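Okay, structure first, notes after.
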Amino acid sequence: MKWFGEFVGDAHEQAGRRRGTSAHEVPDRAELLRRLRAGHLWFWVDGTGERVHLTGANPPSFGVARIGPVYTPPAQRGRGWASNAVAEVSRRIQADGARVCLYTDQANPTSNKIYAALGYRPVVDMANLVIVR
C-alpha cells in the first residue's frame, strides 16, 4: 500500500505537479492482495534482499497487457532497476503471447527516456477527465 501511495505522489512531482493533484487513487488492500496472488505485481530485491523496485501489470484484455505501476524509491533511482524490470515484465508478457503497452505521463522525462530506450514508442495521447458534481 505504501509503495503505491508513494508512486502516485512521486509521479506527480516528477511531472511538475503538486502531490495529490490528480484523480488517481491507490487501490485498496484487497485489490493489491488479489494482484499479488495472481502474479501481477513484482518486487525486485537487491543482493541483500532489500526491496528496491516495484513493477505491476494487468492481465491481457483483447490480447494486450498493460504494465504499471513502475516505481523505484528515490534512494534506489539511477541504478537501472526500472529499466531492467520493465524489460523483463515486457518479455514475460510477450512470451505468454500478448502484446504489451504502458501509459506514461508526457510531462515525466525520466520514465519517457527509459521506455523509449526499451523500444516503446508513443501511439496515442490521452487525457483523464474528472466530473465533479
Side-chain angles (χ1 to χ4, degrees):
M1 297 289 296
K2 179 181 175 191
W3 281 49
F4 267 76
E6 290 174 1
F7 162 75
V8 172
D10 286 2
H12 288 160
E13 287 180 349
Q14 287 174 346
R17 295 184 300 271
R18 289 188 339 268
R19 286 180 175 268
T21 57
S22 84
H24 293 272
E25 297 178 2
V26 175
D28 65 23
R29 181 177 169 79
E31 171 63 14
L32 290 179
L33 288 172
R34 185 192 65 73
R35 290 183 72 184
L36 276 167
R37 290 180 183 127
H40 297 296
L41 291 175
W42 296 268
F43 276 105
W44 265 251
V45 297
D46 66 12
T48 68
E50 178 184 356
R51 288 178 292 182
V52 295
H53 178 80
L54 167 72
T55 292
N58 291 312
S61 177
F62 298 100
V64 180
R66 181 181 61 86
I67 291 180
V70 176
Y71 178 68
T72 306
Q76 295 294 335
R77 292 181 187 158
R79 300 177 189 196
W81 296 117
S83 297
N84 287 305
V86 171
E88 176 60 18
V89 172
S90 299
R91 186 198 63 74
R92 289 180 184 198
I93 290 169
Q94 291 172 330
D96 286 341
R99 293 174 37 212
V100 62
C101 72
L102 51 77
Y103 289 100
T104 185
D105 190 325
Q106 290 179 348
N108 187 331
T110 303
S111 61
N112 293 327
K113 180 181 173 185
I114 289 170
Y115 303 144
L118 293 173
Y120 281 91
R121 61 180 174 77
V123 175
V124 66
D125 293 336
M126 301 180 82
N128 287 331
L129 303 175
V130 178
I131 299 171
V132 179
R133 293 179 182 215

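Just so it is clear, the values below take in all heavy atoms, side chains as well, and ignore hydrogens, waters and symmetry mates. The structure presented is a predicted model; accordingly, all values stated were derived computationally and were not measured.
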Rounded to the nearest 0.5 angstrom, the NZ-CG distance for Lys2 and Leu54 is 13.0 Å
Taking atom CZ of Arg99 as the centre, does the number of heavy atoms from other residues, nucleotides or ligands within less than 6.0 Å exceed 12?
no
Rounded to the nearest 0.5 Å, what's the gap from CZ on Phe4 to CD on Glu31? Could you check?
8.5 Å
Within-4.5 Å side-chain heavy-atom neighbours: Arg121 and Val123
yes
Let me confirm one number: the CG-CZ distance from Asn84 to Arg79, rounded to the nearest 0.5 Å.
13.5 Å
Looking at Tyr103, I'd like to know if its OH atom is crowded, meaning that more than 12 non-hydrogen atoms belonging to other residues, nucleotides or ligands lie closer than 6.0 Å.
no
With a 4.5 Å limit on heavy-atom distance, are the side chains of Leu32 and Met1 in contact?
yes
Distance col, row Lys113:NZ vs Asn108:CG, nearest 0.5 angstrom, shows 12.5 Å
Side chains of Thr104 and Tyr120: donor-acceptor distance under 3.5 Å anywhere?
no
Smallest heavy-atom separation, Phe43 atom then Arg51 atom, equals CD2-CD, 3.5 Å
Taking every heavy atom of Tyr71 against every heavy atom of His53, the minimum-distance pair comes out as O-ND1, 3.0 Å
Less than 4.5 Å apart, any side-chain heavy atom of Val100 and any of Val64?
no
Mind listing the closest non-hydrogen atom pair of Asn112 and Gln106 along with its distance?
ND2-O, 3.4 Å
If you take all heavy atoms of Leu118 and Ser83, which pair is closest and at what distance?
CD1-O, 3.7 Å
Atom OG1 of Thr72 and atom CH2 of Trp3: how far apart are they, to the nearest 0.5 Å?
7.5 Å
Separation between SG (Cys101) and CD1 (Ile67), nearest 0.5 Å, reads 8.5 Å
Looking only at non-hydrogen atoms, find the nearest pair between Gly56 and Trp42 and report the distance.
C-CZ3, 4.1 Å
Closest non-hydrogen atoms of Tyr115 and Leu102, given as atom of the first, atom of the second and distance, are CD1-CD1, 3.5 Å
Short side-chain to backbone donor-acceptor contact, Asp46 and Thr48, under 3.5 Å:
yes
Shared ILVMFWY cluster between Phe7 and Trp81, side chains joined below 4.5 angstrom?
no
Is there a continuous path of hydrophobic side-chain contacts, each under 4.5 Å between heavy atoms, that joins Val86 to Leu41?
no
